[in-house]
Amino acid sequence: MLDFEFYSPTKIFFGKNAENKTSHAITWAGGSRVLLVCGGASAKKSGLFGRIEAQLKEEGIVFDSIGGVKPNPLLSLAREGVRKAVDFKADMVLAIGGGSVIDTAKAIAIGAANPDEDIWDVFWLGKKIPLKALPVGVILTISAAGSETSSSAVLTNDDTRMKSGINADVNRPKFAIMNPELTYTLPQQQIRNGIADIMMHTLDRYFTAALGNDFTDAVAEALLRTVIRNGPVMLKTPDNYKAASEIMWCGSVSHNHLTGLGGISDFSVHQLSMPLSGVFDMAHGAALTAVWGDWAKYVMNSNPGRFARLGREVFGDAASYSAVEDAALSSIEHMVAFFESIGMPTNFSSLGLGVVSDEILRDLAERCSYNRGRVVGNFRPIDHDDMYEIYKMANR
Ligand code: NZQ
Ligand code: ZN
């Protein structure tokens with residue numbers, strides 16, 4: 001087990017009607033002037049946003065709001081939110097929504113606490129790690145990104161279409177209100193995307209060069225089994241409280257780093273997905289499953305035993321294989337078949353891109369490698385040429 005630091009300071013309010021505790025949570029976290037952040041329409045349509053407004057008014061908590069956050073959230077709206085938070089003298093930012101809204105709230109919280117620094121130029125381009133931010137609270141409406149407990153925040157630059165994330169302790173929300181019933185209104189496609197993303201946060205940690213972490217592996221495998229069992233139930237019956245609860249809690253645990261302790265996060269598949277979402281505005285979960293199978297085949301020989309273990313422990317594959325490579329391939333096929341069974345894309349065509357030109361493949365590899373300036377992953381580090389080959393394999 002490698003040395004690690006584990007910091008997961010988010011207070012969770014989980015369960016039916018948990019959103020009724022919003023004012024209490026805000027006061028607990030020291031907020032009194034709150035900027036509410038929400039997405040396009042869903043929180044207003046469901047009545048959630050109105051109920052929160054009414055609750056805050058009743059409790060005398062002053063607030064302003066900014067809406068219109070889109071999936072693959074844009075830098076321009078985050079910058080607008082920073083200006084609003086500063087003018088309003090907000091002392092807390094409350095996200096009502098999913099990963100896109102939460103990440104915008106995190107960016108606003110960083111910008112408002114560092115008003116002399118541009119969030120993109122200084123923090124997203126990596127010149128500095130943000131050390132201060134306004135406290136962020138979350139009312140979660142979709143189980144997916146895990147941003148409600150994670151240290152990450154991901155934005156897309158409107159001008160360059162570069163999508164990228166930053167990691168910082170200050171990004172961990174102070175509290176997250178998690179009522180699985182709030183996810184009952186999700187469209188099927190968003191439930192699918194969420195299931196995929198939740199699994200991928202654990203898979204991108206499971207395939208690591210630092211192995212031998214029994215407890216971490218067991219947690220990771222249990223999480224994957226739980227999502228594989230409950231995801232299809234939630235798709236069939238979105239108002240099944242048991243399934244929605246399991247998926248919601250797995251979403252948080254999958255990305256608060258518990259499933260990767262003692263290893264080194266790989267996150268190659270996430271990095272491969274970023275240009276697909278940035279350039280083509282593809283949903284995050286879909287961009288992930290579209291490349292996972294080909295990434296897996298490409299890197300498999302670095303440690304086929306690891307893939308074989310996934311097949312055994314997660315899919316209960318008890319077949320005896322004459323070679324470990326066959327067991328690994330079978331495991332990859334199990335995972336790809338699961339993604340297909342829930343209607344997720346597993347190549348560029350099913351992602352909706354068709355077969356793209358070589359010029360596009362090269363542009364994707366340039367973007368993913370930051371113009372050949374970085375190598376990602378550690379299970380099998382991949383550079384620009386590897387990225388190009390993986391995109392090429394998925395281009396069918
Ligand atoms: O905008 P509205 O109308 O609210 O609709 C949203 C949006 O269209 C809808 N939705 C959310 N809750 C709903 C609902 N519709 C009906 N009923 C509800 N209860 O769902 C759509 C997708 O929302 P979004 O917030 O984009 O989803 P998700 O949570 O999947 O977030 C994706 C974003 O998070 C980033 C992704 O890259 C992507 O930009 N990620 C953030 C991470 C982090 N901060 O730790 C980690 C992830 O790996 C990921 O990169
Ligand atoms: Zn993700």
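In this chain, numbering begins with 1 at the start of the sequence shown.
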[Y] reachable from [X] in the ILVMFWY side-chain graph, under 4.5 Å edges:
X: Met274; Y: Met393; answer: no
X: Leu223; Y: Val314; answer: yes
X: Met178; Y: Ile102; answer: yes
X: Leu155; Y: Ile166; answer: yes
X: Ile264; Y: Met1; answer: no

**Asked** What pairs meet the ring pair (Phe, Tyr, Trp, His ring centres under 6.0 Å) rule with one or both residues in residues 34-89, with sequence neighbours excluded?
**Response**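 The answer is none; no pair qualifies.
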
In the structure I gave you, are the side-chain heavy atoms of [X] and [Y] within less than 4.5 Å of one another anywhere?
X: Lys44; Y: Cys38; result: yes
X: Leu364; Y: Phe280; result: yes
X: Pro345; Y: Phe339; result: no
X: Asn114; Y: Val122; result: no
X: Phe315; Y: Met335; result: yes
X: Tyr370; Y: Ser164; result: yes
X: Asn72; Y: Met282; result: no
X: Ser150; Y: Lys106; result: yes

Checking the side chain of [X] only, and the main-chain atoms of [Y] only, is there a donor and an acceptor separated by less than 3.5 Å?
X: Gln55; Y: Ser23; result: yes
X: Asn230; Y: Glu246; result: no
X: Asn256; Y: Leu258; result: yes
X: Thr208; Y: Arg205; result: no
X: Asn157; Y: Thr160; result: yes
X: Asn395; Y: Val356; result: yes
X: Thr216; Y: Leu261; result: yes
X: Lys127; Y: Asp121; result: yes
X: Thr10; Y: Pro173; result: yes
X: Asn193; Y: Ala283; result: no

**Asked** Can you list the other members of the hydrophobic cluster that holds Leu211, where links are side-chain heavy atoms under 4.5 angstrom apart?
**Response**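 Leu211 shares its hydrophobic cluster with no other residue.
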
**Co-members of Phe215 in a cluster of I, L, V, M, F, W and Y side chains, linked at under 4.5 Å** =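 Cluster partners of Phe215: Val219.
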
Exceeds 12 heavy-atom contacts within 6.0 angstrom, atom [atom1] of [X]:
X: Lys11; atom1: NZ; result: yes
X: Lys392; atom1: NZ; result: no
X: Ile129; atom1: CD1; result: no

Can you name the closest pair of heavy atoms from [X] and [Y] and give their distance?
X: Thr259; Y: Val253; answer: CG2-O, 4.1 Å
X: Val154; Y: Pro73; answer: O-CG, 3.5 Å
X: Val101; Y: Ala95; answer: CG1-CB, 3.8 Å
X: Ala290; Y: Leu351; answer: CB-CD2, 3.9 Å

**Request:** Give a yes-or-no answer on whether the side chains of Ser32 and Asp91 include a donor-acceptor pair shorter than 3.5 Å.
**Result:**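 There is such a pair (donor and acceptor under 3.5 Å, judged by atom type) between the side chains of Ser32 and Asp91.
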
**Message:** Is a donor from one side chain sitting under 3.5 angstrom from an acceptor on the other, for Ser254 and Thr202?
**Reply:**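 Per modelled atom types, Ser254 and Thr202 side chains form a pair under 3.5 Å.
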
Taking side-chain hydrogen bond (donor to acceptor under 3.5 Å, both in side chains) as the cut-off, I'd like each qualifying pair that reaches into [range], sequence neighbours left out, listed once.
range: residues 325-334; value: Asp317-Ser330, Asp317-His334, Tyr321-Ser330
range: residues 295-305; value: Tyr298-Asp386
range: residues 337-349; value: Glu340-Thr346, Asn347-Ser350

By salt bridge (charged side-chain N to carboxylate O under 4.0 Å, His left out), which residues pair with [X], not counting sequence neighbours?
X: Glu366; value: Arg372
X: Asp103; value: none
X: Arg362; value: Asp358

**side-chain hydrogen bond (donor to acceptor under 3.5 Å, both in side chains) between Thr237 and Lys242, intermediate numbers included** = CA-CA 10 Å; Thr237 46; Lys242 158 92 170 80; over 6 Å; no

**Name of the residue among Leu134, Ile26, Val93 meeting side-chain contact (heavy atoms from CB on, under 4.5 Å) with Val34** =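 That would be Ile26; it is the only one of Leu134, Ile26, Val93 passing the side-chain contact (heavy atoms from CB on, under 4.5 Å) with Val34.
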
**Pairs involving residues 164-181, ordered by first then second residue, that meet salt bridge (Lys or Arg N to Asp or Glu O under 4.0 Å) (sequence neighbours left out)** =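 Qualifying pairs, neighbours excluded: none.
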
**Request:** Output every pair passing salt bridge (Lys or Arg N to Asp or Glu O under 4.0 Å) with a member in residues 60-82, not counting sequence neighbours, ordered by first then second residue.
**Result:**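 Every pair satisfying salt bridge (Lys or Arg N to Asp or Glu O under 4.0 Å) with a residue in residues 60-82: Arg79-Asp118.
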
**side-chain contact (heavy atoms from CB on, under 4.5 Å) between Glu19 and Thr22, worked out** = CA-CA 5 Å; Glu19 67 277 18; Thr22 304; 4.2 Å; yes

Distance, nearest 0.5 Å, that separates [atom1] of [X] from [atom2] of [Y]:
X: Ile191; Y: Ile247; atom1: CD1; atom2: CD1; answer: 9.5 Å
X: Met200; Y: Leu288; atom1: CE; atom2: CG; answer: 5.0 Å
X: His201; Y: Ser252; atom1: NE2; atom2: OG; answer: 11.0 Å

**Request:** Assign the ring pair Phe307 / Phe207 to parallel, tilted or perpendicular, where the plane angle (0 to 90°) is split at 30° and 60°.
**Result:**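 Ring orientation, 0 to 90° scale: parallel.
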
**Request:** Quick one: sort the Trp124 and Trp120 rings into parallel, tilted or perpendicular, breaks at 30° and 60°.
**Result:**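 Geometry flag for Trp120 against Trp124: parallel rings.
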
**Request:** Kindly indicate, with the supporting measurements, whether the criterion side-chain contact (heavy atoms from CB on, under 4.5 Å) is fulfilled by His257 and Phe4.
**Result:** CA-CA 10 Å; His257 201 42; Phe4 63 81; 5.9 Å; no

**Prompt:** Under 6.0 Å between the ring centres of Tyr206 and Phe379?
**Reply:**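 Not close enough - the centres of the two rings lie 6.0 Å or further apart.
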
**Message:** My understanding is that only residues two or more places apart in sequence, or in another chain, count here; which of them pass ring pair (Phe, Tyr, Trp, His ring centres under 6.0 Å) with Phe13?
**Reply:**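 Testing Phe13 for ring pair (Phe, Tyr, Trp, His ring centres under 6.0 Å), a comparison that skips the adjacent residues, returns His24.
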
**Prompt:** Do Arg161 and Asp363 meet the salt-bridge criterion of a basic N to acidic O distance under 4.0 Å?
**Reply:**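 No, this pair does not count.
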
